[in-house]
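What you see is a predicted model; the values in this text were computed from it and never measured.
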Number of protein chains: 2
Amino acid sequence: MSGADHDAGRQHLLRKLQSLARLSADDAEAILALPMDVQTWPANHPLVREGDTLSACQLILDGFACHHKSLPDGSRQVVSFHIPGDFLDLQGLQLGTMDYGVSTLVPTVVGRVVHTALHELTWRHPRVAAALWRDTLADAAVLREWMLCLGRRTAREHLAHLLCEVAWRFSIILPPVHSMPLTHDDLADSIGLTRVEVSRELEGLRRDGLIGLQPSGVAVLDLDGLARVCDFTPAYLHQDRAT
Amino acid sequence: MSGADHDAGRQHLLRKLQSLARLSADDAEAILALPMDVQTWPANHPLVREGDTLSACQLILDGFACHHKSLPDGSRQVVSFHIPGDFLDLQGLQLGTMDYGVSTLVPTVVGRVVHTALHELTWRHPRVAAALWRDTLADAAVLREWMLCLGRRTAREHLAHLLCEVAWRFSIILPPVHSMPLTHDDLADSIGLTRVEVSRELEGLRRDGLIGLQPSGVAVLDLDGLARVCDFTPAYLHQDRAT
DNA sequence: CGAAACATTGACCCGAATCAAGCATTGTGG
DNA sequence: CCACAATGCTTGATTCGGGTCAATGTTTCG
């Protein structure tokens, strides 16, 4: 938990917001100066429960987390993944109760920023507020693509699409061909299928040489090949950068 | 197309934004004064195509429309419904290209507001900008609930849930027990199933006395009964009002 | 070493898709 | 005013993707 670690997490946030709006030096300084209470959590730890009302937002400084919703019968749907630089519960700043839960997927470091500090930031720095709004819009675009996957793609296409997306987003912050720390249960809850079917489809993709199955997780070996399986087009991520 | 009609549509927008943020009289006046180019379209008319880049936002003044995405093979997923007072393409104001299409479902009147006017509005009226951000967050909450339906509910539960949501949202602007102007194809594209299965499940719900099937569309007869079928809880809509 | 968590595989089942035929409304032109 | 096309709805027979159940294998870690 060195100071440098926290700075790296804040820098991810700043870089993302700068890519979404033209920020002044003053805006940037205010973002980096946000008062933040740093906490470390293990993998699979709940950070927010459905129905909570919050008084602070949590920024991922290091690690990996997801949003999820559940049915009374216990079945669970993961609705999004989040990486360093993402706020996990910006919704709690603006709307009353949380309609989704948040959990870590790997050991994760978060920075808690009290709502008053964020309200002050957005009030004094309208361009930062605009950037956060755009970030919300970009997140919604990802939700829509996931809905298309859930409703209209086959199991294999959906799985391939998810792996493409995660590999693509991870490549911003991690070296390529890094294996992804997702269990088969995580993948199943993300694509709306069962663990058993995930196992079978992963085996199919492995046999085709598109992915590698290691104990540490799934590794994407042939991103272009995978993208061809599922017609992956990263435009919906609304992030401009060299592919 | 009388002036009164346009005012009704604007009033829906104003009322929604006032429920999301405490607006000043000046803020309200600016919203009602937005310069707007009024257009009328038939049912099933495309208003935005996937990939478009826009220079104006379209506000529904009267009617009913949806957002949808498609796969290369032509299959389509409806991702949200929109009613008078909703902007159909706020995303186009903040992000480059549209990742979804927009179509009318019934004859619809929209007001086109050029981006420059909206940028000026949000810049001069930060509370209006905050309200629009909250509106985006509330829309995203609906997308997440739809994902839960797509991934984890059965055909019957999902259909019942959709009917509950639409009936609930329509009740704000229409008399109750109004039949909903959705074809079986529209419903099928919304819940990620086929027209045939929609027909069978609707017949099941009708046999149980929960809905009525008329030529003009589906009418919800027993909202509480329907809600019990699918565990419908309107909290995710983030609209406080007497149920 | 043993327990717990995670992954794989096979046999069988079921919900929804597909294919196909026929019916009911609506609207249009002769 | 009727004919008939177009669109939308219903229903049955059959198929198939993915679920369920169950047994077994593999890591990881206390």
Side-chain angles (χ1 to χ4, degrees), chain A residues 42-45 71 73-77 103-107 149-163 179-207 211-219 229-230, chain B residues 42-45 71 73-77 103-107 149-163 179-207 211-219 229-230:
Chain A
N44 250 298
H45 180 84
L71 249 27
D73 73 2
S75 61
R76 197 174 87 127
Q77 178 65 47
S103 297
T104 62
L105 291 161
V106 301
C149 289
L150 279 164
R152 295 301 185 198
R153 286 197 229 251
T154 64
R156 164 167 304 210
E157 288 165 2
H158 193 171
L159 185 52
H161 196 276
L162 186 80
L163 294 174
S179 90
M180 291 174 294
L182 292 165
T183 67
H184 291 197
D185 279 286
D186 294 333
L187 291 170
D189 286 349
S190 303
I191 65 179
L193 300 176
T194 58
R195 177 186 354 149
V196 175
E197 177 66 3
V198 165
S199 177
R200 288 195 240 264
E201 296 297 345
L202 281 175
E203 171 56 20
L205 293 174
R206 190 203 58 72
R207 207 176 315 109
I211 61 173
L213 295 175
Q214 301 155 260
S216 59
V218 181
V229 166
C230 58
Chain B
N44 251 297
H45 181 84
L71 248 28
D73 72 2
S75 61
R76 196 175 87 127
Q77 178 66 47
S103 297
T104 62
L105 291 161
V106 303
C149 288
L150 279 163
R152 294 303 186 197
R153 285 196 229 252
T154 64
R156 166 167 303 208
E157 287 165 2
H158 194 170
L159 185 52
H161 195 278
L162 186 80
L163 294 174
S179 90
M180 292 173 296
L182 292 165
T183 67
H184 291 198
D185 280 284
D186 294 333
L187 291 170
D189 286 348
S190 304
I191 64 179
L193 300 175
T194 59
R195 177 186 353 150
V196 176
E197 178 65 4
V198 165
S199 175
R200 288 196 239 263
E201 297 297 344
L202 280 175
E203 171 57 18
L205 294 173
R206 191 202 57 72
R207 209 177 313 110
I211 61 173
L213 296 176
Q214 300 155 261
S216 58
V218 181
V229 167
C230 58

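- In terms of modelled atom types and a separation under 3.5 Å, the side chain of B/Thr183 and the main chain of B/Asp186 share a donor-acceptor contact.
- Annotation: side chain of A/Leu202 is in contact with side chain of A/Ile211 (closest heavy-atom distance under 4.5 Å).
- Distance CG (B/Leu213) to P (D/dT11): 10 Å, rounded to an integer number of Å.
- Set against D/dC9, D/dT20, D/dT28, the side chain of B/His184 has D/dC9 as its closest nucleotide.
- Comparing C/dA7, D/dG19, D/dT27 by their nearest atom to the side chain of A/Thr183 picks out C/dA7.
- B/Arg200 contributes a side-chain N or O that forms a donor-acceptor pair with the base of D/dG12 under 3.5 Å.
- If you take CZ of A/Arg195 and P of D/dC21, they are 12 Å apart, rounded to a whole angstrom.
- Looking at which nucleotide of DNA chain D each of A/Ser216 and A/Val198 is closest to, the 5′-most match is held by A/Val198.
- The stretch residues 149-158 of chain A has no heavy atom under 4.0 angstrom from DNA chain C at all.
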For residues 191-198 of chain B, which side-chain donor-acceptor pairs fall under 3.5 Å, sequence neighbours excluded?
residue: B/Thr194; atom: OG1; partner: B/Glu197; partner atom: N; Å: 3.3
residue: B/Arg195; atom: NE; partner: B/Asp185; partner atom: OD1; Å: 3.3

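- Between B/Ser199 and D/dC9, a side-chain N or O to OP1/OP2 separation shorter than 4.0 Å is absent.
- Under a 3.5 Å cut-off, the side chain of A/Arg152 and the backbone N or O of B/Leu71 do not form any donor-acceptor pair.
- When all heavy atoms are compared, the tightest approach of A/Ser190 to A/Leu150 is O-CD2, 4.5 Å.
- The B/Val196 side chain lies nearest to C/dC19 when the options are C/dA7, C/dC19, C/dT26.
- Note that NE2 of B/His161 and CG of B/Leu159 are 12.0 Å apart. Values are rounded to the nearest 0.5 Å.
- Between A/Asp186 atom CG and C/dA5 atom C1' there is a gap of 13 Å when expressed in whole angstrom units.
- Straight-line distance from the CG atom of B/Asn44 to the P atom of D/dA6: 17 Å, rounded to whole Å.
- Atom pair A/Glu201:CD and C/dA7:P shows a separation of 16 Å (rounding to whole Å applied).
- Checking the phosphate oxygens (OP1, OP2) of C/dA17, a side-chain nitrogen or oxygen of B/Thr194 falls inside 4.0 Å.
- Between B/Glu203 and B/Arg206 there is a salt bridge, with a side-chain nitrogen of the basic residue lying less than 4.0 Å from a carboxylate oxygen of the acidic one.
- Distance from the side chain of A/Pro215 is smallest for D/dT28 among the nucleotides D/dT28, C/dA17, D/dG18.
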